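Notes follow once the structure below has been shown.
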Amino acid sequence: MTITPGWLLLLSLYAGVWSVPIDHHGGNHEIKEEVQEESVDTGLYYDRYLREVIEVLETDPHFREKLQTANTEDIKNGRLSKELDLVSHHVRTRLDELKRQEVSRLRMLLKAKLDSTNTQSLQMDHASLLKQFEHLDPHNQNTFEAKDLELLISTATKDLENYDAERHEEFKRYEMLKEHERREYLKSLDQEKREREEKRMQELKEKHRQHPKVNSPGSVAQLREVWEETDGLDPQEFNPKTFFKLHDTNEDGVLDEQELEALFTKELEKVYDPKNEEDDMMEMEEERLRMREHVMKNVDMNRDRLVSLEEFLKSTEKKEFSNPKEWETLDAKPVYTEEELQRFEAELRDKEEELKRRAETLRQEQELLKERGKALEAQRREYQQAVLEMSNRQKVQAAERHPPSGPNGELQFQPETQKPEFKEANPEHEAEAQSNLPAEPPQNLPSHT
């Protein structure tokens with residue numbers, strides 16, 4: 001995506017951050033451009049939405065023409081937003097789609113935030129919650145209107161103006177955390193090891209300070225060094241206008257912040273080497289930011305975050321261009337005071353205590369869950385036992401109601417046991433039975449002589 005100066009003015013979305021290499025052929029300087037567009041992150045949480053809106057708007061010839069001729073005030077005061085009504089239908093349709101996607105993304109962010117804080121969101125008012133996002137109109141969630149473009153421009157302008165300050169604050173906290181960890185590490189050692197480690201750290205610090213002189217950013221000495229070592233040109237033939245055109249890598253007529261920062265690479269390499277233990281690359285990026293801010297402060301007269309050719313040439317006429325003050329690198333003085341460090345460490349202790357409390361709460365909740373799990377497991381076993389006993393009773397009852405069956409399902413009957421029959425006495429039968437009995441011998445008969 002090619003970004004016009006109008007967008008560069010507001011959004012700091014730039015391409016091509018490296019200087020252009022120069023080859024010499026028989027005294028003629030042939031410029032070989034190897035410009036590769038880079039998508040520079042603005043650091044804004046709506047960065048993707050911002051870029052996509054720019055890309056769509058630049059496909060409309062009318063809007064692109066108006067953007068190229070717009071000045072700073074036309075963009076900042078919202079006059080440019082009124083041109084949105086004249087763009088083509090398919091551009092408006094695409095912008096509507098982008099806004100609906102952004103609203104959907106913001107709703108997901110809100111839901112995730114509410115879920116993380118255990119906030120009930122069953123009756124969540126999305127329109128009210130979306131008001132906290134200033135880069136779009138929350139009352140109209142379906143179409144992209146002129147007010148949306150005005151809000152997007154004004155919010156991005158404001159946020160980008162605060163971006164550098166936030167980066168400085170973030171770096172300060174990084175440095176304080178590094179010092180805090182160093183002190184804590186030394187406390188963990190015995191006296192002999194601590195003294196040895198302190199000596200080693202001090203030697204590394206002194207080694208880092210032993211670097212070549214760093215030229216003041218934007219000075220004639222610094223620019224001539226780039227002209228000679230990066231561009232491969234004779235330092236005696238240094239020409240500010242030619243230098244400007246060489247390093248306006250995207251040929252938009254201005255030097256943006258990324259093109260400026262690319263000019264400081266040679267100076268930074270004098271101080272920082274990623275192979276050295278004593279050199280911190282986070283500090284190198286902070287140094288680059290300081291250099292860019294220094295140049296912008298002295299050169300960017302209209303404070304539009306861009307350096308025009310006219311501003312650049314005027315800066316070369318100033319006394320500071322030829323006789324600048326000596327540049328002090330980050331190692332010259334700390335970026336924080338001892339009082340700031342103590343407050344930072346107090347914050348760390350408070351956060352650590354809070355984490356401990358949360359960890360203890362989580363541990364207790366885990367124990368409670370374990371106990372509940374055990375109780376549920378016991379209930380489950382009791383339930384299974386009850387189900388098993390009930391099943392057995394049902395089987396017994398079923399067996400009593402139905403005859404047993406064989407292996408093939410046929411019914412099986414058990415043979416009944418013969419029981420003795422008892423009949424009533426019959427007189428005739430009894431007399432017959434008596435007649436058949438043998439006669440008993442007579443008793444007490446007289447004997448014969």
Side-chain angles (χ1 to χ4, degrees), residues 1-15 39-114 121 123-163 252 256 302-306:
M1 175 178 65
T2 303
I3 307 298
T4 62
W7 289 118
L8 293 174
L9 181 63
L10 287 172
L11 313 175
S12 298
L13 302 175
Y14 312 116
S39 180
V40 182
D41 190 359
T42 61
L44 305 175
Y45 68 90
Y46 50 91
D47 177 81
R48 180 176 177 178
Y49 174 64
L50 180 65
R51 293 173 183 278
E52 289 176 340
V53 169
I54 294 173
E55 184 176 0
V56 171
L57 285 173
E58 288 205 325
T59 62
D60 186 85
H62 170 78
F63 195 90
R64 185 181 181 88
E65 180 182 355
K66 289 294 182 180
L67 182 61
Q68 289 175 336
T69 58
N71 57 35
T72 306
E73 292 305 316
D74 287 338
I75 296 175
K76 289 187 175 182
N77 62 23
R79 291 196 192 102
L80 186 65
S81 303
K82 296 178 173 60
E83 300 295 332
L84 186 66
D85 295 332
L86 302 178
V87 302
S88 60
H89 175 71
H90 77 276
V91 170
R92 290 298 295 269
T93 301
R94 179 58 181 146
L95 289 173
D96 293 344
E97 182 181 349
L98 288 177
K99 182 176 180 180
R100 287 192 291 268
Q101 291 175 356
E102 178 69 359
V103 170
S104 177
R105 183 184 73 89
L106 295 176
R107 284 175 175 171
M108 291 177 63
L109 289 176
L110 286 170
K111 185 178 184 305
K113 182 179 180 180
L114 293 173
S121 58
Q123 298 180 347
M124 183 168 51
D125 185 356
H126 287 94
S128 298
L129 292 173
L130 285 172
K131 290 181 181 179
Q132 62 187 285
F133 302 109
E134 300 178 348
H135 64 287
L136 49 72
D137 181 9
H139 301 291
N140 174 17
Q141 302 178 19
N142 296 311
T143 58
F144 189 97
E145 305 296 339
K147 185 175 181 180
D148 289 293
L149 182 58
E150 182 179 350
L151 288 171
L152 183 61
I153 291 174
S154 61
T155 304
T157 303
K158 180 186 66 175
D159 291 345
L160 287 171
E161 287 175 351
N162 299 329
Y163 183 56
D252 59 1
D256 56 54
N302 62 358
R303 298 293 181 262
D304 61 359
R305 301 175 72 94
L306 300 168

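Because the structure is predicted, anything quoted here is derived from the model rather than measured.
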Under 4.0 Å between a Lys/Arg side-chain N and an Asp/Glu carboxylate O for E97 and R100?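 No salt bridge links E97 with R100.
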
Between [Y] and [X], is there a side-chain heavy-atom distance shorter than 4.5 Å?
X	Y	value
I54	L57	no
L136	Q141	no
D148	L95	no
E134	K158	yes

Separation between [atom1] of [X] and [atom2] of [Y], rounded to the nearest 0.5 Å:
X	Y	atom1	atom2	answer
H89	D60	NE2	CG	13.0 Å
L151	F133	CG	CZ	14.0 Å
D85	F63	CG	CZ	10.5 Å
F144	L152	CZ	CG	6.0 Å
L98	E52	CG	CD	5.0 Å

Between A146 and L84, the two heavy atoms sitting closest are N-CD2, 3.5 Å

Check the pair E150, K147 against salt bridge (Lys or Arg N to Asp or Glu O under 4.0 Å), reporting the backbone distance first and the verdict last. CA-CA 5 Å; E150 182 179 350; K147 185 175 181 180; over 6 Å; no

Who pairs with N140 by side-chain contact (heavy atoms from CB on, under 4.5 Å), at least two apart in sequence or on another chain? K99, D137, N142, T143, E145

Report, as yes or no, whether the 6.0 Å neighbourhood of atom CD on Q101 holds more than 12 heavy atoms from other residues, nucleotides or ligands.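 For Q101, atom CD is crowded (more than 12 foreign heavy atoms under 6.0 Å).
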
Has R105 got more than 12 heavy atoms of other residues, nucleotides or ligands less than 6.0 Å from its CZ? yes

Look at the aromatic rings of H135 and Y46 and report parallel, tilted or perpendicular, splitting at 30° and 60°. parallel

